[in-house]
Amino acid sequence: MPKKKATVKRAAKAPASPLLFADTRRSADQLYVGGFSVPDAFLSFKKGRKWYAVLNQLEYARALKESRFDEVLPLELWLELTREKFQRAKVGYAELVATLADEFEIGSFKVPGDFPSSLAFNLVELGIKVDVCEGSLFPARERKSEEELAMIREGNRCSAIGIRAAEKAIRQSVVKQGKLQLGGKVLTSERLRSIIEIACLEAGSLSMDTIAAGGDQACDPHCAGHGPLRANELIIVDVFPRVSKTGYHGDMTRTFLKGKANEAQKGIVEAVLKAQQTAIQKVKTGVNGKDVHGSVLDTFAELGYETRRGEKGAEGFIHGTGHGLGLEVHEAPRVSIVSNKLKRNAVVTVEPGLYYPGVGGCRIEDVVAVRDDGPELLSKYHYRWQIK
């Protein structure tokens, strides 16, 4: 009888272990994993189901008490082990990672796209396999827990406090020679921005890159605004603070006008509000973000608002309808021309706008959670925009 062929079972190839080297202010991934704030870059990695952090004595004790890491490794001890392994006094983070890889039997690492290139190159030179992750290293971040949703509500509470401070300043201002004055001094975009950011700070958040832009400046959606604010001009106020305690953001925009609006200004504000409210109602689990964006395009088209592109730039509706919000101001998913289905408990902004130099710019933004039965508003502020 013929002999049976022996079969050899190959061990399944171990998946690459996630590896991060970053501080928590610039890396939402590092904050997401560890759950506590560290201002300097540090290593964290995963082996099996456990997440490890390598922290110096300055942060070690606090990490044991405050972080979500399964185990915290003392940097000083592991540097000593690394020096012994490499037989030299001077070693860096690449050698440290190589030592950790040996000790924890890790065959390869998976890193995010913003991983430091110099460290990646040094790891490769040491024979460490490094795979750069396509897309997010943590796709689970797109779906928020109920705790995270509460943190984003708090971020939007801070946003609303900033917008309320701006509205109060505009309301209390007087018009002199066409310019707004508050307390005897010209109310500039810079001054209004300071008022907003102080209010957010007092509420427990840090508002950076705040937008307070009037007139034609507001027709460039990311223009922060500069110089005097004027009567009878639309003023866009966009506030996206980071809550100091949690790292989660709010993001809200309202448009105001001090004085008397003309018919063209009234028209674009009414159109933007209608487009925004229509789009919000379309947000639901499984709906394509592209279709939500399409509803905004349809509303503007029905109302006769065209988007045109010329030598000096574009005017009309010139950006996407929204973006994900959480530990970053802009994260997955997108609500734009890009096709992607909205997942349950994702959080997105809905912020259509119209921008026509000579008329001004208007943007209205709220934040919603994607639920099975429709949108859940996570932001709250009124839409009254004309201030006498």
Side-chain angles (χ1 to χ4, degrees), residues 10-56 59 63 67-75 78-79 81-82 85-86 91-145 148 247-248 323-334 338 340-341 343 345-346:
R10 297 186 178 226
K13 186 179 179 182
S17 294
L19 173 69
L20 296 169
F21 181 67
D23 63 76
T24 58
R25 183 166 299 280
R26 284 174 289 191
S27 172
D29 284 342
Q30 193 75 289
L31 183 58
Y32 180 75
V33 169
F36 86 131
S37 179
V38 181
D40 299 312
F42 67 98
L43 287 170
S44 69
F45 64 96
K46 188 178 183 183
K47 172 63 188 296
R49 294 186 177 183
K50 285 188 174 184
W51 268 97
Y52 299 82
V54 186
L55 286 161
N56 62 25
E59 306 290 359
S67 82
R68 289 196 294 259
F69 289 110
D70 297 292
E71 192 170 337
V72 182
L73 308 176
L75 174 63
W78 281 89
L79 283 175
L81 294 173
T82 302
K85 174 182 172 63
F86 283 87
V91 292
Y93 277 101
E95 289 82 5
L96 176 57
V97 172
T99 302
L100 291 164
D102 280 353
E103 292 293 327
F104 284 86
E105 298 181 341
I106 296 173
S108 62
F109 289 102
K110 178 172 60 175
V111 301
D114 59 356
F115 190 81
S117 58
S118 59
L119 178 53
F121 283 127
N122 289 339
L123 288 172
V124 171
E125 287 181 3
L126 290 173
I128 304 295
K129 183 173 173 53
V130 177
D131 295 322
V132 179
C133 180
E134 292 184 12
S136 175
L137 191 62
F138 301 104
R141 276 182 51 195
E142 191 169 334
R143 291 188 180 190
K144 306 306 193 276
S145 67
E148 288 178 295
Y248 283 81
H323 54 81
L325 181 73
L327 287 171
E328 294 176 286
V329 177
H330 295 117
E331 59 181 43
R334 296 287 176 173
V338 178
N340 64 119
K341 289 188 176 181
K343 298 175 182 176
N345 283 16

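Only heavy atoms go into these numbers, but all of them, side chains included; no hydrogens, no water, no symmetry mates. As the structure is a prediction and not an experimental result, all values here were calculated from the model.
Every residue meeting the ring pair (Phe, Tyr, Trp, His ring centres under 6.0 Å) condition with Phe45, not counting sequence neighbours, appears here in chain and number order: Tyr52, Phe104. Evaluation of the ring pair (Phe, Tyr, Trp, His ring centres under 6.0 Å) rule for Phe36 yields no partner, not counting sequence neighbours.
Between the Asn345 side chain and the Lys343 main chain, no donor and acceptor come within less than 3.5 Å of each other. Looking only at distances, a side-chain donor or acceptor of Asn56 sits under 3.5 Å from a matching main-chain atom of Glu59. A donor-acceptor pair is defined here as one N or O able to donate and one able to accept, closer than 3.5 Å; such a pair exists between the side chain of Asp70 and the backbone of Trp51. The closest donor-acceptor contact from the side chain of Ser17 to the backbone of Lys46 lies under 3.5 Å. Using a distance-only test at 3.5 Å, with no hydrogens or angles considered, a donor-acceptor pair links the side chain of Thr24 to the main chain of Val38. In this structure a side-chain-to-backbone donor-acceptor pair under 3.5 Å is missing from His330 to Leu325. A distance-only check finds no donor-acceptor pair linking the side chain of Gln30 to the backbone of Ser27 [under 3.5 Å].
Taking CG of Leu43 as the reference point, atom CG of Leu19 lies at 6.0 Å (rounded to 0.5 Å). Summarising the geometry, atom CD belonging to Glu328 is positioned 12.5 Å from atom OH belonging to Tyr32; distances are rounded to the nearest 0.5 Å. Glu95 CD to Ile128 CD1: the interatomic distance, rounded to the nearest 0.5 Å, is 10.0 Å. Note that CZ of Arg25 and CG of Asp40 are 11.0 Å apart. Values are rounded to the nearest 0.5 Å.
Using a 4.5 Å heavy-atom threshold, the side chains of Tyr248 and Leu31 count as separate. The shortest distance between side-chain heavy atoms of Leu20 and Pro112 falls below 4.5 Å. Contact annotation: the side chain of Lys50 never approaches that of Phe69 to less than 4.5 Å [non-hydrogen atoms, C-beta and beyond]. No side-chain heavy atom of Arg68 sits under 4.5 Å from any side-chain heavy atom of Val33.
Across every non-hydrogen atom of Ala53 and Phe42, the tightest pair is CB-CE1, 4.1 Å. Nearest heavy atoms, Trp78 versus Thr82: O-OG1, 2.7 Å. Contact between Ala94 and Asn122 at its shortest, heavy atoms only, is CB-CB, 3.6 Å. Minimum interatomic distance between Leu126 and Ala98 (heavy atoms only, all atoms of both residues): CD1-CB, 4.3 Å. When every heavy atom of Val72 is checked against every heavy atom of Ser67, the shortest pair comes out as CG2-OG, 4.2 Å.
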In sequence, state the C-alpha distance, the side-chain angles, and the governing distance for Asp29 and Arg141, and then conclude on salt bridge (charged side-chain N to carboxylate O under 4.0 Å, His left out).
CA-CA 9 Å; Asp29 284 342; Arg141 276 182 51 195; 2.7 Å; yes

Using the rule given for salt bridge (charged side-chain N to carboxylate O under 4.0 Å, His left out), can you reason through Glu331 versus Lys144, listing the C-alpha separation, both sets of side-chain angles and the distance that settles it, and then say yes or no?
CA-CA 12 Å; Glu331 59 181 43; Lys144 306 306 193 276; 2.8 Å; yes

Between Leu100 and Val54, is a side-chain contact (heavy atoms from CB on, under 4.5 Å) present by the stated rule, with each step listed?
CA-CA 10 Å; Leu100 291 164; Val54 186; 4.0 Å; yes

Evaluate side-chain contact (heavy atoms from CB on, under 4.5 Å) for Leu123 paired with Phe109, printing each intermediate quantity in order.
CA-CA 10 Å; Leu123 288 172; Phe109 289 102; 5.6 Å; no

side-chain contact (heavy atoms from CB on, under 4.5 Å) between Leu96 and Leu75, worked out:
CA-CA 9 Å; Leu96 176 57; Leu75 174 63; 3.6 Å; yes

After noting the C-alpha distance and the side-chain angles of Leu79 and Val91, does the key distance pass the side-chain contact (heavy atoms from CB on, under 4.5 Å) rule?
CA-CA 8 Å; Leu79 283 175; Val91 292; 4.2 Å; yes

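A centroid separation of less than 6.0 Å is found between the aromatic rings of Tyr93 and Phe21.
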For residues 130-139, which side-chain N or O atoms pair as donor and acceptor with protein atoms under 3.5 Å away, sequence neighbours left out?
{"residue": "Asp131", "atom": "OD1", "partner": "Lys129", "partner atom": "NZ", "Å": "3.4"}
{"residue": "Ser136", "atom": "OG", "partner": "Phe138", "partner atom": "N", "Å": "3.0"}
{"residue": "Ser136", "atom": "OG", "partner": "Phe138", "partner atom": "O", "Å": "3.2"}

